[in-house]
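Throughout, numbering of the chain's residues begins at 1 and tracks the sequence. Counting starts at 1 for both ligands and their atoms, following the listed order.
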Amino acid sequence: MATATLPEQATAGDTFPINGTDFIEFYVGNARQAAHYYVSAFGFNIVAYRGPETGVRDRASYLLQQDKIRFVLTTAIRPDLSAEAKVIADHVYRHGDGVRDLALWVDDARDAYSKAVERGAESVHEPRVMRDDDGEIVIAAIKTYGETIHSLVERKNYRGLFMPGFRPMTPLYQPPSVGLKYVDHCVGNVELGKMNVWVDFYATVMGFRNLLTFDDKTISTEYSSLMSKVMANGNDRIKFPINEPAAGKKKSQIDEYLDFYSGPGVQHMALATDDIIGTVNKLRDRGVQFLSGVPGAYYTELQDRVGKIDEPVEELAKLGVLVDRDPDGYLLQIFTKPVEDRPTVFYEIIQRKGAKSFGAGNFKALFQAIEREQELRGNT
Ligand code: FE2
């Protein structure tokens, strides 16, 4: 993990230790087809499954993996059979395909849950123990913004692939990885005036610190703006920027998200690679669409702005990869278009070469690209 430095000193503030992102679970309308999309387009492999064939009557879930990244895609197949399946179907009705669970890998789920609730977290469910021949998983869950939750997953007594209930799967179709390694950060969009509420939640409940703040002057174009604060845990493996809309001449991109997601939720997940040029070329070849239209001047001025970089600028320009520098180094990043019909969830592909920040120097070019897309959708 590139950013895991000084863990002893840095974890001092954490309410409970967090080892990293355990998995990200999406509730979707059709998990079988969504899984195929993430396999064929994003280079994941389907490694496990839970559904009617494994004794679960009301829903189906696919576990997708690429290096350290684990996505679970879940759909309701009989929302009439259980309250749990109805929650999934209702979530899809309101939000479209979206993130339900940013699950965190903890040492002790019972301890983490009781401390979080003591500090004001709202419970989704108390610690549950799930057992099979490979041992046991303890899992509890607390609420965060919108209908998003954080499962707290303890797996120190489990030797299996993922968790009890999932059956390993080896599909015939296994395209090669595109080089995505781990989840770098996950961004939430919340309503106007609510950013600080959720910043306080992460500070008070989880003991996270405010790593960076962007006000509406940092992040603005002529038309739309937003405010953002990045909350991080002690070892920096968990980074949660929280965005809220700010007033502009036209509707903020965050307002557009809130309208189409019917409230707060996860806006984008940044997935890290060691070779952004290779990864983005592979993603493009497989049909992933990226925001485009970065002005040519961006690249002619790049060297002056960020200094010497290892990558050929003409390659970056061809792909539309953006670059930014901070005191620790530089980073390369690019953003996909939304991966569904609603203009909600999208991905960032990021390569860090020392930099610990989030690309503030690119916000203007990026937001102008987003505004052009918003305009095409008629949502300005
Ligand atoms: Fe990001």
Side-chain angles (χ1 to χ4, degrees), residues 1-3 20-21 24 42 69 71 98-99 102 144-145 148 180-190 195 198-199 202 208 210-216 218-221 224-233 236-246 252-254 256-257 261 264-273 276 279-280 283 288-291 294 306 316 319-326 328-339 343-371 373:
M1 199 59 76
T3 52
T21 305
I24 296 174
F42 277 86
I69 309 166
F71 285 175
V99 174
L102 296 171
T144 179
Y145 47 77
T148 318
L180 297 171
K181 301 269 185 196
Y182 62 89
V183 176
D184 185 275
H185 60 272
C186 296
V187 181
N189 282 345
V190 302
M195 176 181 70
W198 292 105
V199 163
Y202 284 109
F208 287 11
N210 180 203
L211 196 63
L212 284 166
T213 296
F214 305 106
D215 63 19
D216 54 344
T218 325
I219 310 186
S220 72
T221 63
S224 74
S225 55
L226 63 90
M227 294 185 283
S228 188
K229 286 187 179 176
V230 183
M231 300 304 288
N233 80 328
D236 275 351
R237 290 183 190 180
I238 303 298
K239 293 189 282 283
F240 289 155
I242 310 287
N243 295 334
E244 74 171 33
S252 165
Q253 51 168 303
I254 310 303
E256 189 196 32
Y257 174 100
Y261 200 77
V266 172
Q267 177 210 40
H268 77 268
M269 288 145 280
L271 307 178
T273 171
I276 198 163
T279 295
V280 173
L283 291 168
V288 174
Q289 291 188 298
F290 291 93
L291 286 176
V294 184
V306 301
L316 302 176
L319 299 173
V321 170
L322 307 172
V323 190
D324 199 24
R325 187 177 280 281
D326 69 19
D328 298 303
Y330 70 98
L331 64 82
L332 305 108
Q333 61 186 168
I334 189 169
F335 297 83
T336 71
K337 292 185 180 179
V339 292
T344 53
V345 178
F346 60 89
Y347 290 91
E348 172 180 349
I349 309 300
I350 185 166
Q351 182 178 4
R352 293 188 180 276
K353 300 191 106 170
K356 294 186 174 139
S357 54
F358 295 83
N362 292 322
F363 287 165
K364 192 161 185 161
L366 169 65
F367 293 161
Q368 283 169 342
I370 292 176
E371 283 166 14
E373 297 282 323

Student: Tally of protein N/O/S atoms under 2.8 Å from the Fe ion (ligand 1)?
Tutor: 3

Student: Check R352 with D184, please: is the shortest side-chain N to carboxylate O separation under 4.0 Å?
Tutor: yes

Student: Using only atom types and a distance under 3.5 Å, with no angle test, would you say the side chain of D324 pairs donor to acceptor with the backbone of G361?
Tutor: yes

Student: Looking at L226, I242, I254, which one forms a side-chain contact (heavy atoms from CB on, under 4.5 Å) with M195?
Tutor: I242

Student: For a quick test of reading the model, state the closest non-hydrogen atom pair linking M231 to F208 and the distance between them.
Tutor: CE-O, 3.8 Å

Student: Output all residues satisfying salt bridge (charged side-chain N to carboxylate O under 4.0 Å, His left out) with K353, sequence neighbours left out; order by chain, then residue number.
Tutor: D310, E311

Student: Are any side-chain N or O atoms of R237 and backbone N or O atoms of G20, one a donor and one an acceptor, separated by less than 3.5 Å?
Tutor: no

